[in-house]
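Each chain gets a letter, A, B and so on, in the order the sequences are listed, and its residues count up from 1.
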2 protein chains.
Amino acid sequence: MLKTPGADKEGAAERRAISADLIAVLVAAPNGNPVVLTVKEGTTLPSGPFALGHRSLQSGLRDWVEQQTGHPLGYIEQLYTFADRDRSIEEATRRVISISYLGLTREEPSHRTPPGSWRNWYEFFPWEDHRTGAPAIIDDIIVPRLRQWADAAEQQDKRQNRLRRAAGAFGFDDRHWNEELVLQRYELLFEAGLVEEAVRAKGDTNAPAVPGRTMTGDHRRILATGIGRLRTKIKYRPVVFELMPPAFTLLQLQRAVEALAGVTVHKQNFRRLIEQQDLVEETGEMSADTGGRPAKLFRFRHAVLDERLVAGTK
Amino acid sequence: MLKTPGADKEGAAERRAISADLIAVLVAAPNGNPVVLTVKEGTTLPSGPFALGHRSLQSGLRDWVEQQTGHPLGYIEQLYTFADRDRSIEEATRRVISISYLGLTREEPSHRTPPGSWRNWYEFFPWEDHRTGAPAIIDDIIVPRLRQWADAAEQQDKRQNRLRRAAGAFGFDDRHWNEELVLQRYELLFEAGLVEEAVRAKGDTNAPAVPGRTMTGDHRRILATGIGRLRTKIKYRPVVFELMPPAFTLLQLQRAVEALAGVTVHKQNFRRLIEQQDLVEETGEMSADTGGRPAKLFRFRHAVLDERLVAGTK
DNA sequence: CCTATTATGCTCGAACTGAGTATAATTGGG
DNA sequence: CCCAATTATACTCAGTTCGAGCATAATAGG
């Protein structure tokens, strides 16, 4: 028979040696620039302790983010909870559970956030931005290094397996790039010892890493989880609008989607999709500063949130 | 500036008053019967404390589930972490964080699990099984009660809003049934005071509930989360195979999918999809006990897990 | 007035989907 | 042995969606 919560007395002291932190991946996209909120010179994701005073995890997060950044959080989603041993410094006596969240917010004015807090997230993942074609570092550095890593495996089938995974994740050997696999790519690079965090963990100082700004602990992994989740989500839920100003042109909307997805989309087809799904309605105003023909301004139809529980942007 | 983990000393005592539990939604589908593992006469999901001895949350869960049920866990996925105050008995002094997981396992032989541990999950959600058409309780009980609830709202727009949400979730007023919205439906019924758990929370003893076996605490909500996640997942990841025996006919596979999704699918189209995606390969054997023409036996092509990170069953 | 630039409308073929029809291979009962 | 019931499996067809491109409109700047 399985144990049920509260049914065991013996473990009480042991279980008490646990604390919980809330970690936030807070995203904005001012004029098509995908940014994430950081602290400590862009090395760390903002976090705060979860304490008895908080009503719930979600409200705990909402409280301190809104209070400390001044930005209202439109959308919050739990990302992942982990408690891997190597995260804690005092190994045997204490355990930290980290509960990470993805949050979307609308603007980047430095209300209470010092300049430099918001970082373009492709600083951390240079291989993820394919808006102007595949970045050179993929073919120049990543692919050769991953081939080396695959070849280094002992058995034949292990080598094949590694190569298949690498090709699938990074889209070489005539596989296509799937922008959603952010986490898988990071973890592959980690496993292959090609990111600084992996080198750090192994004490393996000789292996130079693939370019990309590193972060404290496993914060870069959490960020990868958040980006991946967001890239998946925008395809079937209208969450991009949480990042948009109240009125926007369709091109601005498209640029925001492209910024998040890291790939470009066909302009006419994008419009067709948005309009046929009734996600937006015209405000009646026009935008002047397009550089060309003026564009209609649209606003998000908030009613869709009740109507369908579906639909997104793809 | 936002706080960073470990940067604060003052909250240490407060943060220590926290413990963590792992809760499992353990699913199997022996011959097209969707079941979940329970304890205490089907009122409670199995759970166990997370202790310092565990390597990680996931391995902690895997350890005790495999040890106590004898079933190897094919697939594990984290569901949700919550720490709402009302879950804890000793309110002010202690906080329990519950980390829930979805696990898939292959069989239901009562190795170490006493009979009655595995329950058909539609006992808990009778409105979710549409394999033989929409259950009568939807039109007979749920829809009228939800209409009452919608009408009971003060303002006009609130009434409309409630009605739209209810119609979208349960597929009335010519909206179609979306089998993935398991959690939304449960939460709607909860909000409308139509499930026992809501009555319990409010002390509102006069409101009789919609049929469906109830559970301890918010375990039924967790189960709803698990079912919903699984129904979404089978559409884009080949996870059903974790529930199948090593060799199976396509009809058996279809029955498993239908059991999880709670809806039937077009047989010929289902086969087309499975085969064109190369998810399976013939074993060469035939199955005799079909009751009709013998069927080819198939096995899952495990290689697809490396090849594409995509594809599912839909 | 011409060019560059963005907006917006429309078309076309390929691929995918839902819903069949048709035929094959069994079992069990008379 | 034949027939009805049952399941397996192949193939078709129309409607829809999707990727890609052509065409035209409206503005700014020189």
Side-chain angles (χ1 to χ4, degrees), chain A residues 31-32 130-133 171 176-179 234-236 247-258 261 263-299 308 310-314, chain B residues 31-32 130-133 171 176-179 234-236 247-258 261 263-299 308 310-314:
Chain A
N31 24 288
H130 288 229
R131 285 176 294 177
T132 54
H176 15 125
W177 176 258
N178 180 344
E179 82 280 359
I234 52 173
K235 292 195 180 160
Y236 66 99
F248 47 84
T249 69
L250 291 182
L251 185 58
Q252 285 169 342
L253 183 64
Q254 182 182 345
R255 293 287 178 243
V257 169
E258 290 175 337
V263 294
T264 54
V265 303
H266 182 103
K267 187 171 180 169
Q268 295 92 322
N269 292 347
F270 178 79
R271 306 172 112 265
R272 174 173 66 186
L273 204 68
I274 298 296
E275 291 184 318
Q276 87 186 4
Q277 286 189 148
D278 276 329
L279 291 174
V280 298
E281 62 190 2
E282 300 182 11
T283 65
E285 315 275 298
M286 301 287 278
S287 165
D289 51 345
T290 57
R293 170 173 169 178
K296 289 179 187 169
L297 283 171
F298 292 84
R299 76 171 71 89
R308 339 186 195 75
V310 288
T313 333
K314 182 99 178 291
Chain B
N31 23 285
H130 288 228
R131 285 176 295 177
T132 55
H176 12 126
W177 177 257
N178 179 343
E179 81 280 358
I234 51 173
K235 291 192 182 163
Y236 66 99
F248 48 83
T249 69
L250 292 182
L251 187 58
Q252 286 169 342
L253 183 64
Q254 181 182 345
R255 294 285 180 244
V257 170
E258 291 174 336
V263 294
T264 53
V265 303
H266 182 103
K267 186 171 181 170
Q268 295 91 322
N269 291 349
F270 179 79
R271 307 173 111 264
R272 175 173 65 186
L273 203 68
I274 298 295
E275 291 184 319
Q276 89 185 5
Q277 287 191 147
D278 276 328
L279 291 173
V280 297
E281 61 191 2
E282 300 182 11
T283 66
E285 316 274 297
M286 301 287 279
S287 166
D289 51 346
T290 59
R293 172 174 167 177
K296 289 179 186 168
L297 283 172
F298 292 84
R299 75 171 73 88
R308 339 187 194 75
V310 288
T313 335
K314 184 98 180 291

Gap between atom CD1 of B:I274 and atom CZ of B:R272 - 0.5 Å precision: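 Between atom CZ of B:R272 and atom CD1 of B:I274 there are 12.0 Å.
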Looking only at heavy atoms, which two atoms of [X] and [Y] are closest? And how far apart?
{"X": "B:H266", "Y": "B:Q254", "result": "C-NE2, 4.5 Å"}
{"X": "B:E282", "Y": "B:R299", "result": "O-NH1, 4.0 Å"}
{"X": "B:T249", "Y": "B:A295", "result": "CG2-CB, 3.8 Å"}
{"X": "B:A247", "Y": "B:L297", "result": "C-CD2, 4.3 Å"}

Using a cut-off of under 3.5 Å, enumerate the N/O to N/O pairs linking the protein to nucleotides 8-11 of chain C.
unit_1, atom_1, unit_2, atom_2, d
C:dT8, OP1, A:K296, N, 3.0
C:dT8, OP2, A:R271, NH2, 2.3
C:dT8, O5', A:R271, NH2, 3.1
C:dG9, O6, A:Q268, NE2, 3.3

Partner of A:F298 under side chain to side chain contact (heavy atoms under 4.5 Å, CB included), chosen from A:E275, A:Q252, A:E281: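 Among the candidates, only A:E275 passes.
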Once you round it to whole Å, what is the distance between [atom2] of [N] and [atom1] of [X]?
{"X": "A:L297", "N": "D:dT27", "atom1": "CG", "atom2": "P", "answer": "14 Å"}
{"X": "B:L273", "N": "C:dG18", "atom1": "CG", "atom2": "C1'", "answer": "12 Å"}
{"X": "A:Y236", "N": "D:dT17", "atom1": "OH", "atom2": "C1'", "answer": "21 Å"}
{"X": "B:D289", "N": "D:dA5", "atom1": "CG", "atom2": "P", "answer": "22 Å"}
{"X": "B:Q254", "N": "D:dA8", "atom1": "CD", "atom2": "C1'", "answer": "12 Å"}
{"X": "B:H266", "N": "D:dA8", "atom1": "NE2", "atom2": "P", "answer": "14 Å"}
{"X": "B:F270", "N": "D:dC11", "atom1": "CZ", "atom2": "C1'", "answer": "19 Å"}

Salt-bridge criterion met for A:E258 and A:R131 (N-O under 4.0 Å):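 Salt bridge flag = no for A:R131 with A:E258.
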Test item: B:L251 and B:K267 side chains (from C-beta on) under 4.5 Å apart, heavy atoms: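 Heavy-atom side-chain distance check passes, below 4.5 Å.
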Might you list the N or O atoms of the protein lying below 3.5 Å from N or O atoms in nucleotides 28-30 of chain C, with each pair's distance?
none

